[in-house]
Every structure is written in C-alpha cells, then in structure tokens.
Visitor: 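Below you'll find the structure I mean.
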Amino acid sequence: MNRTAKFWHKGEFYYIALLFIVTLLFVVESAGFPTKAKLFPLIVGGAALLVITADVLQMIFPALGEKFQGFKGGELFKTNREQQVVKELKARGEGDTADEEGTEAAGRSETMETVKTFLWFMGGFAVFYLFGYLAFSFLFIFLFLKFYARLSLIKSLAITGGFTLFVWAAFSLFLRLDILAGSSLF
Amino acid sequence: MLEVILSFGPALVTVFSGLNPLFLLFGAVVGLVIGILPGIGGVVALSLLIPFSWGMDPTSAMIMMGAAMGSVTYGGSITAILLNVPGTASNVSTLLDGYPMTVKGRAGVALGASASSTVLGSLFGLVVLVVLIPVVSILLMSFAPPEFFLLAVVGIVSIAFLTTGNVFRSLFAGAVGLMLSVIGISPVTGTLRFTFGATYLLDGIDYSAAIMGLFAVSEAFKLAMGGYKPAAKVRTEQKFSHVMEGIMSPIRHLALFIQSSIIGTVIGIIPGVGGTVAGMLAWIAGAATSKKAKFGTGVVGGVIASESAMSAKDGGSLLPTVAFGIPGSAEMAVLLGAFTLHGLQPGPGLLTTQLPTVSSLIFALMFACIIVTVIGVFSAKYLAKISMVPGYIVAPTIIVLTLVGAFVIRQSIWDSFVCLATGIFAFFMMKWGFSRMTLAVGLILGEIAELNLGLTLQITRTGGLIFLTRPISLALVIVIVVTVLLAIIIPLRKRPAK
C-alpha cells in the first residue's frame, strides 16, 4: 500500500469514526425531546447507528467484510458482458480512468492538493463573507487562476474579467442582487 | 389520459410565450456546454441553474431546467464520438462504437445517428410517461399517510440497493439526509430540534443550498484536484451526406431503436439507476440481438442503442419523480430540490392541478433535444473544443456560481456556508463510497416522511401493524423486502465458486 492509499485509508477510518460519533450524539440529543418529536429522529438515528456499526465492523474485521461482499449495491444490473467491456476499455487505455495507483510522490502531492484545495475554497468563502459577492467572484477566480492554476497574468485577468461580468449581469442585473450582498463589512 | 392531453395545449402556449423561449434556449445551451465538459454532467448543470430559476414562476423554472436535462446527454455524446472522451458518465456506451466510427472517417454518420436517436428516444420515453401518468394518478388517489411514509422508505432503500457501491454506506447516507431534515421546527409538534439557539436553523437546512453543495461543489473540488485532463485534438471529417445517413439510421434499425428505448424507459422508472446502466444494457442487448454487425467495432447500431436508451430514460425517470417524489436518477434528485424550492409538491397535486407545469417540463425536454441536436450536428467540431477547457478553470467558476447562487435564494450567507460545507463533506463521501443521491433523497423526503409517520400513528391503534393491513402499504413493504433480498441473493449467485 503506497502513501496515498495509506493516507486515504486512515482518513477514511477517521471520517467514519467522526460520522459514528456525530450519529451517536444525534441519538442521545433526540432522546431528550418530547415523545412525538423524538420518535422519527430516534428511528432514523438508530437505523443510522446500525448501518454505520456494520460498516465499521467490516473495516475492523476484513474477513467479515469479505463474507458480505455480495452485499453490494448495483449488482442487479451488472452483467458479465459489461465487466468484459470495461476490461476491454481498460486494455485500450481509455474509458475508465478511476483509481489508478500513483507513485509515492504523487501520493504526497494528492494529500497536499486536498488540503490546498480545501483552504482555497474556505478562503474564497471568507472573501465572500467579508467583501460581498462581486469582490468574491473577481478576487477568488483571479487568485485561483494565477496562483493555484499558475496561468499567466493576462489569461487570468481575461478569464476573471469575462466571468465576473457574466456574474454581475446574472445576479445584479437579472436577479437584482446588490453588489455588496453577502458582505459583513459594508 | 384525456386530462394529460388537454393540458398539452396550454403547456405548448406557455413554452412559447413571454420570456420562456429564451429560458428554454438558455437551459439547452447550459446543458449542452456542461454535457460537453468532461467530468461534470446533468447534476451540475441543474444545480447551477437552481439560483437562476429563483424569482421565476414555477413553470418558467421547469422549462429552463427541463431544457438543460434534455440537452446534457447529447453534449456528452459529441465528445464521446469525436474525442473518445465521454462528456458525462452515461456516454461511455456511446464511445464504444462512436469513436471507432470517427476513426473510420464516419463521424458524420455517428453524430447524425446520435442526434436522431436522442430526439426519437426522448420522444419515446415521454410518450410512455404521458400514457402512464393517468394510471399512476388513479393509484395515487388511494394513497394515505402510511403509503406516503413507506414511499419515502422505498425511495431510500431502493436507491441504496440499486446504485453501485457499499450498501451500508448508501443507507447511512440516506439516514444522514433524514437526520439533516430533522433540524429546525418539528412538523408534528412544533418542538425546536438541533437549532442550538441559532435563528438561522429555525427553518432547517435549505434544500437548494445543500443540493448545490452535494452535487456541484463536490465536483468542483474534484475538478480543482485534476479530476479530468483536457481532451486532445478533435479529429473529424463531416460530410453532409454522412450526417443525413446517420439521421435516417434509427428508422433503418427500427427494431433495435424500439428495443433500446424500452430498456431505457424501464431503467429510468427504477429509482436510482441512471443513464450509464440504461446505455450499457441497451448496448449489450443490441450486441446480443444483432446478427450482422459486430458491436464495438464502429457500427451505427451501437450508437443508436446507447443514445436512444439514454434519452428514453429521462421520460421514464420523470415518472417516479413527479408522481411519488422518488428520483429516478441523480439529475431527478436535483430537480426534486427545484420542485421544493418552487413550492411544487410531487404527488397527486402535481399530476392534477399542476399538470400544465409538468406538461411544460415535458415539452421543454423535447424541444431542447431538438434544438441541441440541430446545433450539435452542424457545429460538433467546434463544440467539441469546449472539452479542452481544463478543470482548474471550470472549478472556481462553479464555486462562485454555487456559493452566490445559494446566497441569492434567501439572502443568507449561512446558506452559502451550508453549500460549501455539504460540498466538502460530499467530496469525501464520493471518495469513500457514500451515495450523495441517497443523502439528497433523505434530506428532501425527510419532512414528508416524518409528517406522514406522525399522521399514521395518530389514525391507528395498531401501531406499525397498519403498514401490513392496508393493501398498498403491504405492497410497498413487499417491494422493500424484495429489493433487499434481490440485491443480496443475485450477487451471491453470480459469485464464481472457488
């Protein structure tokens, strides 16, 4: 297992653990509501706990997971011919491009890319929150293209300008949105 | 049946009155362009259109969204045929014969066949829909709270079991959707739940914002991380005579066309099974029944089978969506969100008093197919160049459109935050095999399910037994049990012996 696979595998475990805890808290909190208000959340939360526990067990005990391999969605419509076609496509080097194992360096890069993309998007939201939608459109797209995608200044400005004009026309002219809408500063 | 046909007149007038033709054209062009861009498909197109539909009357909104839905698959076919790159996941089956035809210098035939199969397939699916609406309407009249509650359960269970992936995770995603729907004021008692003192949460999570996040922001995340590389050079020589030969080909292969359209429509009606399965199954069935041509080597039959099934699927998947509120595909889950935003409640109301709106949607879907195929056939070579736009340019534009779009609906910055947060959450869901569609369905159907469960328990003294004593409820329970059993037994039987 390379570094990427290890990271995602570990990340997957933490993700599911987090979901489990949140679901558990949901059930505990629901139990405190009046009878009629808690019935539905308790049923849903209970069912969610049950299935997530089954999934966690599959992860902890891989042998159990293998035993339940048949318990997989979408199998009803899969035919041997379809699997054969997918194999042929892969052999032709086209079609399904998913899940190719990368090298160790690619693994590090994927992890970094995930964190970087996440921070860029959160940063974009912060700009929206502070300066409103039009500034968000211009700044986010320009900075993203210039520094994340590493496009030239001219190209970045041209794409940003054109798109911001479209956003302004669509939201301010057509949907009557104030250009500072969303801003907490102005 | 007569009611449905009578609604066609006003619907046709509506589609061509006021600004509606412009909305139709806008939706069709957005669908075509997004269909051409590899890596994103109908769900992103519809998600991006949700904010633009805000402020429109429901019928205009449905016209715009129906147009996008009708055009997106054809956009994906253009790149599948010319570049060997499926614009949407569904177009994989078109690529199998479409691209080899381009290599053989018969791109025009493939594009022509794809165009006419798209239009005729779509028409076939919509005719079936029109025929089935009255039947379903009668059935819906005998629905009461227990049946409506079970319908929500059927929706989540069938989607979880019929879509590809880990069933436990798909079911869990559905439960997360239901859990999110609980936030806010209880529809049964008026109790505040999970609001944590925030006034924003009193009305619950905004469906539109969450759906845009689930389907568009998560895709933008993937694109930004290099989800697809721009396509290579377009290679095509289109002769007009070839295009005409292609356009006429579904007529010459009528049996194949009808067989594929039936497969597409039936697959469309089954909740959760999308265009990819429809196209692939029709292609496989075509390959099995075709005696002369060898599918996969660049024969026009492969393109006809795949395209007609994918287009016929739209009509089929509209049926469970408008009648029961159970989306037939991921695109329909987004459409369901748009219904909710515009106050359209799937079920008896939509099929009786709001029937003209449904008919307008049907016409928009049909006209959009015609518009984009005409545009596509004559400018495919140029349109295919859109697919050369790299993902890192598309991603930030999607983020801006969705976050601002989420804001516009209720003028709340927290809706944008919900949109972003659900998008990031959904990116990891995709990464680890949790179904985004079941989450969306759970979120949309949650309130209806809870309300109807509450009403059911008020009208009965037998508790849960009421679900087994009413004929339709019992049938729905059987549907749930059979779906689960089939999903378990069939893969076990398919597993080769060691």
Side-chain angles (χ1 to χ4, degrees), chain A residues 8 12 15 19 23 26 29 33-34 36-37 39-41 44-45 47-48 51-52 54-55 58 69-77 79 81-82 85 88 94-95 110 113-114 117-118 120-122 124-125 128-129 133 136-137 140-141 144-145 148-149 159 163 167 170-171 175 177 181-182 184, chain B residues 52 54-55 84 92 95-96 160-172 175-176 178-179 182 186 188-189 191 193-194 221 224-225 273 277 280-281 284 392-393 396-397 399-401 403-404 407-408 411 413 416-417 420 424 428 431-432 450 453-454 486-488 490-492 494-495:
Chain A
W8 285 116
E12 182 181 6
Y15 186 74
L19 291 175
T23 311
F26 177 88
E29 178 79 11
F33 297 138
K36 281 185 181 171
L39 180 68
F40 187 73
V44 170
V51 283
I52 198 73
D55 193 49
Q58 269 194 21
Q69 250 180 14
F71 211 60
K72 214 171 161 190
E75 298 288 319
L76 270 176
F77 298 100
T79 60
R81 179 72 184 114
E82 187 182 339
V85 169
E88 280 167 19
E94 55 209 34
E110 192 182 338
E113 283 293 299
T114 310
T117 311
F118 173 77
W120 267 99
F121 286 7
M122 291 308 285
F125 175 74
F128 187 8
Y129 183 67
Y133 95 90
F136 160 58
S137 172
F140 177 68
I141 295 181
F144 193 91
L145 294 179
Y148 184 94
I159 295 169
F163 186 73
V167 168
F171 290 102
L175 294 172
L177 194 66
S184 64
Chain B
F52 292 103
W54 178 243
N84 202 27
V92 170
L95 170 155
L96 293 170
F161 278 91
L162 299 180
T163 48
T164 313
N166 182 326
V167 170
F168 290 136
R169 291 185 184 183
S170 295
L171 282 173
F172 181 75
V176 169
L178 292 171
M179 280 153 63
V182 160
S186 160
V188 182
T189 60
T191 313
R193 296 178 302 189
F194 304 103
F221 204 112
M225 288 184 59
V273 191
V277 173
M280 197 53 104
L281 277 186
I284 290 166
Y392 53 74
I393 291 180
T397 57
I399 289 295
V400 168
L401 284 177
L403 294 200
V404 179
F407 173 84
V408 135
Q411 303 264 321
I413 192 74
S416 302
F417 182 74
L420 182 63
I424 292 169
F428 290 105
K431 186 97 195 162
W432 293 314
E450 179 170 14
L453 177 67
L486 281 178
I488 296 170
I490 290 183
L492 285 176
K494 273 188 198 167
R495 200 187 296 177

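In what follows, chains are A, B, ... by sequence order, proteins preceding strands, each numbered from 1. What's counted below: heavy atoms across the whole structure, side chains too, no hydrogens, waters or symmetry copies.
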Visitor: Specify which of P396(B), A175(B), G454(B), S416(B) makes the most heavy-atom pairs with chain A at under 4.5 Å.
Guide: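 Of the candidates given, the most pairs with chain A belong to P396(B).
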Visitor: Sort T191(B) into side chain, backbone, both or neither according to what part of it lies under 4.5 angstrom from a heavy atom of chain A.
Guide: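 Side chain only.
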Visitor: Between chain A and each of I413(B), T189(B), I424(B), count heavy-atom pairs under 4.5 Å; write down the option with the most.
Guide: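 The option with the most such pairs is I413(B).
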Visitor: Test T397(B) against I159(A) for side chain to side chain contact (heavy atoms under 4.5 Å, CB included), laying out the working first.
Guide: CA-CA 10 Å; T397(B) 57; I159(A) 295 169; 5.5 Å; no
Visitor: Between F26(A) and chain B, with a heavy-atom cut-off of 4.5 Å, which part of the residue counts as in contact: side chain, backbone, both or neither?
Guide: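 Answer is both: backbone and side chain atoms of F26(A) are under 4.5 Å from chain B.
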Visitor: Tell me, with the steps shown, if F221(B) and W120(A) meet side chain to side chain contact (heavy atoms under 4.5 Å, CB included).
Guide: CA-CA 10 Å; F221(B) 204 112; W120(A) 267 99; over 6 Å; no
Visitor: Could you tell me which portion of F171(A) (side chain, backbone, both or neither) has an atom closer than 4.5 angstrom to a non-hydrogen atom of chain B?
Guide: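 F171(A) touches chain B through side-chain heavy atoms alone.
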Visitor: Can you tell which part of L403(B) gets under 4.5 Å to a heavy atom of chain A, answering side chain, backbone, both or neither?
Guide: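 Contact with chain A is through both the backbone and side chain of L403(B).
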Visitor: Do F125(A) and F417(B) pass the ring pair (Phe, Tyr, Trp, His ring centres under 6.0 Å) test, and can you show the C-alpha distance, the side-chain angles, and the key distance before you say yes or no?
Guide: CA-CA 7 Å; F125(A) 175 74; F417(B) 182 74; 5.4 Å; yes
Visitor: Quick one: what part of V44(A) sits under 4.5 Å from any heavy atom of chain B, side chain, backbone, both or neither?
Guide: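 Contact with chain B: backbone and side chain both.
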Visitor: Counting only heavy atoms closer than 4.5 Å, note whether L178(B) contacts chain A via side chain, backbone, both or neither.
Guide: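 Both parts, backbone and side chain.
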Visitor: Within the 4.5 Å heavy-atom criterion, are F140(A) and V400(B) side-chain neighbours or not?
Guide: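 Yes, their side chains come closer than 4.5 Å.
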Visitor: Output the option from L453(B), V188(B), V176(B), V404(B) having the highest count of non-hydrogen pairs under 4.5 Å with chain A.
Guide: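 The option with the most such pairs is V404(B).
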Visitor: Provide the closest heavy-atom pair for F121(A) versus A224(B) in the form atom of the first, atom of the second, distance.
Guide: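 Shortest heavy-atom separation between F121(A) and A224(B) comes out as CZ-CB, 4.2 Å.
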Visitor: Rounded to the nearest 0.5 Å, how far apart are CG of L19(A) and CZ of F172(B)?
Guide: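 It is 4.5 Å, given to the nearest 0.5 Å.
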Visitor: May I ask you to decide whether K36(A) forms a salt bridge with E450(B), counting only side-chain N to carboxylate O separations under 4.0 Å?
Guide: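 No.
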Visitor: Could you tell me which residues satisfy ring pair (Phe, Tyr, Trp, His ring centres under 6.0 Å) with F128(A), sequence neighbours excluded, listed by chain and number?
Guide: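 Checked F128(A) against ring pair (Phe, Tyr, Trp, His ring centres under 6.0 Å); matches are F136(A), F407(B).
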Visitor: Is there a side chain to side chain contact (heavy atoms under 4.5 Å, CB included) between L401(B) and F163(A)? Walk through the geometry before answering.
Guide: CA-CA 10 Å; L401(B) 284 177; F163(A) 186 73; 3.7 Å; yes
Visitor: Could you tell me if the ring centre of F118(A) sits under 6.0 Å from that of F428(B)?
Guide: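 No; F428(B) has its ring centre 6.0 Å or more from that of F118(A).
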Visitor: Short question: side chain of Y133(A), backbone of V408(B) - any donor-acceptor pair under 3.5 Å?
Guide: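 Such a contact is absent between Y133(A) side chain and V408(B) backbone.
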Visitor: If you count heavy-atom pairs under 4.5 Å between each of P34(A), S184(A), S137(A), G182(A) and chain B, which one has the most?
Guide: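 Top option by heavy-atom pairs under 4.5 Å: G182(A).
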Visitor: Which bit of A47(A) is near chain B, if near means a heavy-atom gap under 4.5 Å: side chain, backbone, both or neither?
Guide: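 Contact with chain B involves no heavy atom of A47(A) at all.
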Visitor: Quick one: what part of V182(B) sits under 4.5 Å from any heavy atom of chain A, side chain, backbone, both or neither?
Guide: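 Just the side chain, heavy atoms under 4.5 Å.
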Visitor: At a heavy-atom separation under 4.5 Å, does L420(B) approach chain A through its side chain, its backbone, both, or neither?
Guide: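 For L420(B), side-chain heavy atoms alone lie under 4.5 Å from chain A.
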Visitor: Where the side chain of R169(B) meets the backbone of D55(A), is there a donor-acceptor pair that is under 3.5 Å apart?
Guide: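 Between the backbone of D55(A) and the side chain of R169(B) there is no qualifying donor-acceptor contact (under 3.5 Å).
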Visitor: Does Y129(A) have more than 12 heavy atoms from other residues, nucleotides or ligands lying within 6.0 Å of its OH?
Guide: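 Incorrect, the count does not exceed 12.
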Visitor: Side chain, backbone, both or neither: which part of T23(A) has a non-hydrogen atom closer than 4.5 Å to chain B?
Guide: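 Interface part for T23(A): both.
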Visitor: Hey, are the side chains of R193(B) and P41(A) touching, using non-hydrogen atoms and a 4.5 Å cut-off?
Guide: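 Of all side-chain heavy-atom pairs linking P41(A) with R193(B), at least one is under 4.5 Å.
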